[in-house]
Amino acid sequence: QLVKDRERSIDEKDLQVKSRDNGLLVYTYVDKTRGPRMGLSRWISLDGGKTSAVEITVGGRPQDEAGLRAVLQHAIDTLKVPVDPGDDRPN
């Protein structure tokens, strides 16, 4: 659901969703100033996917996809999220 909601919130020219697997949304669009762009958004859940603790988004040129994926993976691998069991705020 988080992926679908994020997809609907992107208001960019020529938006094309490339994939939406396992909490990862990959999309391209055209920026008025910078031309073709690519975005990758990933959600990290601490409760089995019911809510999102963190959303990480990286963006750049489509030809830099490998680098964007590497940056995103590094962010995921090194992320440390404190868990507060008493926090019942919606995400």
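We count residues from 1, following the sequence as given.
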Taking side chain to side chain contact (heavy atoms under 4.5 Å, CB included) as the criterion, tell me which of L72, T78, I76 meets it with H74.
T78
Residue of the set R69, R61, E65 for which side chain to side chain contact (heavy atoms under 4.5 Å, CB included) holds with M38:
E65
Could you walk me through whether Y27 and L15 pass side-chain contact (heavy atoms from CB on, under 4.5 Å), step by step?
CA-CA 7 Å; Y27 55 94; L15 175 67; 3.9 Å; yes
Membership question, hydrophobic clusters at under 4.5 Å side-chain separation (ILVMFWY): are V30 and L25 in the same one?
no
Can you tell me how far [atom2] of [Y] sits from [atom1] of [X], rounded to the nearest 0.5 angstrom?
X	Y	atom1	atom2	result
D21	R42	CG	CZ	10.5 Å
T28	L40	OG1	CG	10.5 Å
W43	E55	CH2	CD	5.0 Å

Work out which heavy atom in [X] is nearest to a heavy atom in [Y]; give both atom names and the distance.
X	Y	value
S41	T57	OG-OG1, 2.8 Å
V58	L68	CG2-O, 3.6 Å
P62	P36	CD-O, 3.3 Å

Pairwise side-chain contact, I44 with L79, heavy-atom cut-off 4.5 Å (strictly under)
yes
